Amino acid sequence: MAVADFSSTTTSGRGFRPGLSAMLLGLAVFLAVLKPFLPAFAVRLPDAAVLPYDVWFQSLFDFLKDDLGLIYVTRTISAGLEWLLDITANLFYGKHRWPYIGPMPWAAVAAVVAIIGYALKGWKMALLGAVTFVWVALVGQWEIAMQTMSVIAVAAPVAVFVGLVLGIFAWKFPRFEAFLAPVLAIFQTLPFFTYLLPAVIFFKVGPTAGCVATILYAMPPMVLMSTLGLKKVRSEVVEAGHMSGSTRWQMLRHVYIPSARTEILVGVNQVIMLSLAMVVLTAFIGMPGLGAKLLSLMNSLKLGRSFEIGVTIVLIAVTMDRMSKAWVVTQPVHYERGTPWWIRHRYPLLAVGAFIGITVLAQAFPILAEIKRGQDLSIGSEIDSVITAILSNDVVTGVTGWLRGFLVTSVLIPFRNALLWLPTISILLACAAAGCAVGGWRSAALASGFLAIVAATGWWDRAVITLYSVISAVCVAALVGLPLGVLAALKRRWSDPILIACDTAQTFPSFVYLIPAIMLFGVSDVSVVFAIFIFATVPLMRYTIEGIRAVPEEVAEAADMSGATRMQKLFKVQLPLALPTMVIGVNQAIMFAFFMVIIAAFIGTQDLGQELQKTLAGNELGKNFVLGMCVALMALAFNHILMRWSEDRRKTLGLG
């Protein structure tokens with residue numbers, strides 16, 4: 001019996017135009033070869049043709065802010081948020097403002113989190129929650145951690161509520177959904193710097209601006225998951241609700257939302273994780289907490305203390321992630337009529353009792369309320385000494401120095417110069433060729449149109465340098481991540497440590513990776529690529545594992561029965577069937593790389609991220625938005641091409 005060769009399957013359908021695609025690509029190469037003879041406008045758009053997007057957007061923002069009085073509306077919202085933030089700040093770390101009711105003892109918080117963890121998923125989750133908050137207290141980071149948590153305690157519920165309301169409207173009104181979809185796509189691809197400056201201008205600097213930026217950044221998944229969940233409610237459930245005589249509000253409250261519970265809670269999980277990621281990054285606009293301390297330590301290159309704060313953020317992120325995911329799968333418990341109320345609410349009562357009891361004990365034993373400087377167990381300075389000794393070793397410096405020199409002179413700079421040398425028209429045609437290959441002329445026009453807008457902003461060369469960093473890092477990530485993903489998918493003993501490494505890498509605050517990058521490779525392009533590479537490797541490994549494991553067992557068994565070797569089964573059956581999922585991983589890696597390349601501007605790059613960072617020091621809201629739009633449009637071009645190809649390939653292979 002012959003082995004079924006899925007690798008030879010061709011993508012067919014309305015969007016596939018190989019002839020036109022090849023012609024466009026050939027034209028792009030032809031024009032690149034003829035660059036010395038091309039007119040100047042084909043090589044680079046002349047200054048006279050550059051559209052003043054920044055002026056237009058600045059005028060629009062000024063009109064909204066001053067003429068329409070939006071600033072007064074936002075300042076009113078700011079006052080409300082500030083009132084809420086004062087309450088949470090008092091509770092979490094005792095900020096000296098009304099209502100003067102904090103701070104909560106660290107031991108009481110750890111106990112309550114442990115009880116919540118036990119109620120959700122048993123003693124292991126309880127142990128994780130307790131260990132996390134005990135660690136935070138013991139290493140002397142309680143106050144800065146609570147500064148961060150006090151903002152999340154406001155931002156996450158607001159993002160959940162607003163996202164749920166928008167999701168309901170999008171589900172109810174298709175036209176509103178059609179309007180909202182591209183807006184959410186742009187929100188999810190805009191670099192985080194683009195959120196920060198408007199938050200500073202329209203809202204007060206500090207926690208309030210950080211809270212607003214966090215809400216805007218974390219809200220899109222909640223909207224999308226709420227809409228998806230409400231659309232999936234089964235018709236028989238809806239009919240039963242109508243037959244019982246429910247009103248519209250009762251249908252929404254008691255039928256639709258409970259039936260969409262799983263998807264809505266997945267959205268809540270995403271909001272919590274994105275809130276934690278963003279609230280750390282808002283340190284750039286004066287937000288106190290873990291991010292601000294981390295940024296301060298980065299400036300002095302104190303890797304040991306930075307590592308401790310990184311571990312704190314990872315533990316908090318993992319705890320919140322695991323608990324919110326456990327909440328997703330935990331079904332409501334229904335008690336028999338007549339069950340005593342203290343049994344129905346035993347866990348909340350236990351949590352309240354533990355909190356009150358430990359708070360009272362803390363009055364007699366102050367160490368339960370606060371671990372002061374000199375009492376903590378931080379070993380940051382010792383870690384600094386060890387890392388400095390390792391990095392100053394002659395072998396390490398010799399290897400990293402040689403690697404930096406080789407990559408910079410022989411790989412990275414030649415590649416960057418080659419991209420910058422290419423005429424703009426050639427890059428646009430190459431992008432159109434890729435779009436045409438996956439979706440015909442419409443995709444070609446869409447993908448190349450995105451880049452054409454970037455060219456028309458006047459930031460083309462900076463955009464190309466950004467693109468060079470992203471492509472370089474993703475290529476390196478693919479060389480490492482794809483083989484490791486395949487290995488983990490085929491060998492179970494490798495999968496757990498690799499997935500744990502993925503979780504750890506993804507939950508570490510992103511700009512922590514800049515410190516080892518700088519210490520190993522100095523301020524260079526290699527540092528930028530190294531920092532992005534770590535972040536971009538995670539989705540490549542995850543989606544490769546998921547794609548190979550999702551191959552139907554009967555297909556793999558058929559390959560075995562036909563006498564296929566391991567390598568034949570891998571390359572002719574498993575990888576071709578897993579390829580659509582793996583391409584989604586490549587797409588996610590590129591999205592992560594665009595996110596990280598903006599953070600890498602902290603090293604001192606020459607790309608769009610560097611210009612975005614400069615706008616935070618001024619009031620150039622129009623320029624800030626245009627720069628963010630350039631990054632988003634490049635990301636959207638990649639996203640459209642890769643996702644369209646993945647969908648078509650999946651249909652061709654009959655995978656749904």
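The structure displayed is predicted, hence computed values, not measured ones.
- Taken from CE in M582 to CG in L642, the straight-line distance is 13.0 Å, to the nearest 0.5 Å.
- Among residue pairs with one or both ends in residues 582-594, those qualifying as side chain to side chain donor-acceptor pair (under 3.5 Å) are N587-N639; sequence neighbours excluded.
- Counting heavy atoms from C-beta outward, R442 and R644 have side chains that stay 4.5 Å or more apart.
- Relative orientation of the F638 and F594 rings is tilted, given thresholds of 30° and 60° on the angle between their planes.
- With rounding to the nearest 0.5 angstrom, the CG atom of L451 is 10.0 Å from the SG atom of C630.
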Applying side chain to side chain contact (heavy atoms under 4.5 Å, CB included) to L490 and Q574, what does each step give before you reach the verdict?
CA-CA 10 Å; L490 298 179; Q574 291 173 306; 3.9 Å; yes
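- Remark: E177 CD is packed, more than 12 non-hydrogen atoms of other residues, nucleotides or ligands lying under 6.0 Å away.
- Across all their heavy atoms, T409 and P414 have their closest contact at O-CG, 3.3 Å.
- With rounding to the nearest 0.5 Å, the separation of OG1 in T319 from CG in L315 is 6.0 Å.
- A heavy-atom distance below 4.5 Å is not found between the side chains of L429 and L25.
- Here the closest non-hydrogen pair linking A430 and A28 is N-CB, 3.9 Å.
- Between F530 and F533, the angle of the ring planes lies from 30° to 60°, which puts this pair in the tilted group.
- If you take CE on M225 and CG on N269, they are separated by 10.0 Å, rounding to the nearest 0.5 Å.
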Evaluate S527 against R404 for side-chain hydrogen bond (donor to acceptor under 3.5 Å, both in side chains), listing each step before the verdict.
CA-CA 9 Å; S527 302; R404 180 179 66 244; over 6 Å; no
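- Side chains of L446 and F450 form a contact here, defined as non-hydrogen atoms less than 4.5 Å apart.
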Can you list the steps and then say if S443 with H640 is a side chain to side chain contact (heavy atoms under 4.5 Å, CB included)?
CA-CA 8 Å; S443 291; H640 176 78; 2.8 Å; yes
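- Contact of the T194 side chain with the L612 side chain is registered, since non-hydrogen atoms from C-beta on lie closer than 4.5 Å.
- Side-chain contact between P423 and L34: absent, with no pair of heavy atoms (C-beta onward) separated by less than 4.5 Å.
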Walk me through whether T544 and V486 qualify under side chain to side chain contact (heavy atoms under 4.5 Å, CB included).
CA-CA 6 Å; T544 300; V486 171; 3.8 Å; yes
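- A donor-acceptor pair under 3.5 Å is formed between the side chain of T424 and the backbone N or O of V43.
- Shortest non-hydrogen contact noted between V271 and A218 is CG2-O, 3.3 Å.
- Judged by distance alone, with hydrogens and angles left aside, the side-chain atoms of T227 form a donor-acceptor pair with the main-chain N or O of G167 at under 3.5 Å.
- Within a 6.0 Å sphere centred on CD of E236, other residues, nucleotides and ligands contribute more than 12 heavy atoms.
- The backbone N or O of L407 lies less than 3.5 Å from no partner atom in the side chain of S410, so there is not a single donor-acceptor pair.
- Summarising the local packing, NZ of K232 is surrounded by 12 or fewer heavy atoms from other residues, nucleotides or ligands at distances under 6.0 Å.
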Which atom pairs, one a donor and one an acceptor, fall under 3.5 Å between side chains of residues 466-477 and the rest of the protein, sequence neighbours left out?
from: T466; atom 1: OG1; to: R462; atom 2: O; distance (Å): 2.9
from: T466; atom 1: OG1; to: L608; atom 2: N; distance (Å): 3.1
from: Y468; atom 1: OH; to: D525; atom 2: OD2; distance (Å): 2.5
from: S469; atom 1: OG; to: I465; atom 2: O; distance (Å): 3.3
from: S472; atom 1: OG; to: Y468; atom 2: O; distance (Å): 2.7

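- For A326 against L120, the heavy-atom pair with the smallest separation is CB-CB, 4.1 Å.
- Side chain of K121 to backbone of K325: no donor-acceptor contact under 3.5 angstrom is found.
- Looking at V583 and R649, their side chains never come closer than 4.5 Å, going by heavy atoms from C-beta outward.
- From I548, atom CD1 reaches atom CG of L579 across 10.5 Å, with rounding to the nearest 0.5 Å.
- Residues D321 and M273 approach most closely at CB-SD, 3.4 Å, considering heavy atoms.
- Environment of CZ in R549: crowded, with over 12 heavy atoms of neighbouring residues, nucleotides or ligands closer than 6.0 Å.
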Yes or no on side chain to side chain contact (heavy atoms under 4.5 Å, CB included) for W327 and V268, after CA distance, side-chain angles and deciding distance?
CA-CA 10 Å; W327 189 21; V268 172; 4.1 Å; yes
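- With a 6.0 Å radius and a threshold of 12 heavy atoms from other residues, nucleotides or ligands, R261 has its CZ atom above the threshold.
- Nearest heavy-atom pair, I427 versus L419, reported as atom, atom and distance to 0.1 Å: CD1-O, 4.0 Å.
- Atom CD1 of I498 is separated from atom CG of L484 by 5.0 Å, given to the nearest 0.5 angstrom.
- Side-chain atoms of M222 and S226, non-hydrogen and from C-beta on, do get closer than 4.5 Å to each other.
- Inter-residue side-chain proximity for W459 and V454 is flagged as unmet; no heavy-atom pair is nearer than 4.5 Å.
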